[in-house]
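Below, each value reflects all heavy atoms present in this structure, side chains not excepted, and no hydrogens, waters or symmetry copies.
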Amino acid sequence: MKLIGLEEHFVTPALVGHGTSTSSIAQPKAWAEASRRLLDLTEERLEAMDAAGLAMQVLSLNSPGIQAETDPAAAVRQAVTVNDHLAGVISRHPDRFAGFAALPLQDPERAAAELERAVTQLGLRGALVNAHTNGTYLDDPDLRVVWERAEALDVPLYLHPANGVDLAHVFSGHPELVGPMWSWGIDTATHVLRLIFGGVFDDFPKAKLLLGHMGEGLPFTLWRMDSRWDFHAHHGIELKRGKPSEYLRENLYITTSGVCSAPPLLAAMLSIGADHILFGTDYPFEEIDTATRFLRDAPISEADRAKIGHRNAERLLGLAPAEQR
């Protein structure tokens with residue numbers, strides 16, 4: 001079965017420094033090994049893909065990436081450089097790699113322009129954003145220009161976690177819960193809800209949002225969110241589609257990255273449908289063979305396995321030959 005992975009990380013030597021703040025969440029040996037693999041875009045990576053039967057990776061800059069840069073002008077330069085580099089790697093291995101652009105959201109107009117350049121000139125398939133950009137979230141009014149461009153180009157934005165701006169008091173004294181163990185999922189799911197209640201998808205109803213890690217828990221909360229929205233004070237917020245689940249079922253696409261377990265996969269399929277679930281390995285933080293074996297063995301129909309494994313990615317990202325779209 002053909003498999004395309006959508007959350008497949010890399011970093012360049014020039015941008016390694018942006019990720020140092022994340023190193024504290026991992027065991028030193030694990031971080032060193034992941035850091036080594038992040039820098040390798042072709043040799044060991046392609047060998048691991050071949051061994052596990054992964055046909056293609058959609059590459060994206062590792063967290064926090066460009067979002068960690070504090071100087072807007074530097075962020076623009078870095079995004080252009082890394083997107084050009086990524087496009088060069090893809091051009092040498094077009095059957096094995098595609099890519100998501102990095103965006104300098106510190107300068108919204110330039111970020112929108114870079115998204116258009118990356119898609120129309122470099123052939124990238126959308127963009128990946130690592131959480132907040134110096135405390136600014138994707139529902140910020142200044143970033144509407146980026147959503148407008150993404151919708152016009154018909155490409156998704158992939159929202160990936162990173163360290164939060166701050167931590168709730170409940171985490172105090174428990175640093176083991178900070179990061180992908182727990183806090184990142186809460187932050188990222190809340191970020192998505194900001195987009196819904198901030199009106200992003202009312203303004204851009206055809207916008208597409210990708211979310212990893214089986215949807216950061218959101219597919220499992222739809223009924224309660226709808227029920228409590230009917231109960232809660234709305235504080236002046238009204239959703240054009242009435243209920244939060246309408247946006248999550250229409251605008252949200254999730255990947256299996258980092259969650260190689262059948263029960264959450266089945267629950268997500270029942271919640272948002274197999275057409276909105278795509279495959280991902282979370283390389284190099286998870287092993288490719290573990291992820292591919294999980295999907296091949298999952299107790300789902302062959303039709304749904306094909307959708308999740310490659311057909312949804314081909315459709316959403318325009319990866320299939322024109323005659324198959």
Side-chain angles (χ1 to χ4, degrees), residues 7 9 18-28 30-31 34 62-70 105-106 128-143 157-201 209-237 239 243-245 247-248 251-252 254-255 257-259 261 263-264 267-268 271-272 282 285-286:
E7 190 174 317
H9 307 292
H18 283 333
T20 55
S21 62
T22 309
S23 64
S24 63
I25 68 174
Q27 296 187 36
W31 181 255
N62 188 48
S63 176
I66 303 297
Q67 271 59 69
E69 178 58 57
T70 57
L105 297 177
Q106 297 85 341
L128 183 140
V129 176
N130 288 298
H132 61 93
T133 303
N134 299 317
T136 297
Y137 295 92
L138 286 168
D139 63 316
D140 190 280
D142 288 344
L143 293 177
L157 298 184
Y158 197 127
L159 178 59
H160 184 267
N163 285 340
V165 177
D166 51 20
L167 284 171
H169 182 64
V170 70
F171 289 104
S172 62
H174 285 275
E176 74 278 7
L177 299 179
V178 176
M181 177 69 193
W182 190 250
S183 69
W184 281 10
I186 293 173
D187 282 358
T188 309
T190 304
H191 195 158
V192 174
L193 296 180
R194 287 179 64 117
L195 300 178
I196 293 172
F197 291 102
V200 168
F201 300 122
L209 178 71
L210 273 163
L211 196 62
H213 315 124
M214 211 69 81
E216 308 288 3
L218 286 171
F220 320 125
T221 63
L222 299 192
W223 189 92
R224 180 162 177 78
M225 278 196 292
D226 286 351
S227 171
R228 294 308 87 196
W229 184 238
D230 289 339
F231 174 84
H232 267 235
H234 288 193
H235 301 286
I237 301 295
L239 300 175
K243 296 183 181 297
S245 66
Y247 300 85
L248 292 168
N251 299 97
L252 180 67
I254 71 171
T255 74
S257 64
V259 183
S261 175
S271 179
I272 65 172
D282 209 353
F285 303 104
E286 301 285 352

Decide if atom [atom1] of [X] counts as having more than 12 heavy atoms of other residues, nucleotides or ligands within a radius under 6.0 Å.
X: H169; atom1: NE2; result: no
X: Q27; atom1: CD; result: no
X: R224; atom1: CZ; result: no

Plane angle bin for H191 and Y137 - parallel if under 30°, tilted between 30 and 60°, otherwise perpendicular: perpendicular
Straight-line distance of Y158 OH to L209 CG, nearest 0.5 Å: 10.0 Å
Rounded distance (nearest 0.5 Å) linking atom CD1 of I25 with atom CG of L177: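 Spacing of CD1 (I25) from CG (L177) equals 12.0 Å.
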Distance-only donor-acceptor check, side chains H213 and D282, under 3.5 Å: yes
Note, L248 side chain near M225 side chain (heavy atom, < 4.5 Å):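 They are in contact (side-chain heavy atoms under 4.5 Å apart), so the answer is yes.
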Least distance between heavy atoms, E7 atom then S257 atom: OE1-OG, 2.7 Å
Shortest non-hydrogen contact from N130 toward H160: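 Closest heavy-atom pair between N130 and H160: OD1-ND1, 3.1 Å.
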Side chain N134, main chain E69, donor-acceptor under 3.5 Å: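 Between the backbone of E69 and the side chain of N134 there is a qualifying donor-acceptor contact (under 3.5 Å).
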Check: N62 side chain, H9 main-chain N or O, donor-acceptor pair, under 3.5 Å: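 The answer is no, because no donor-acceptor pair under 3.5 Å joins these two groups.
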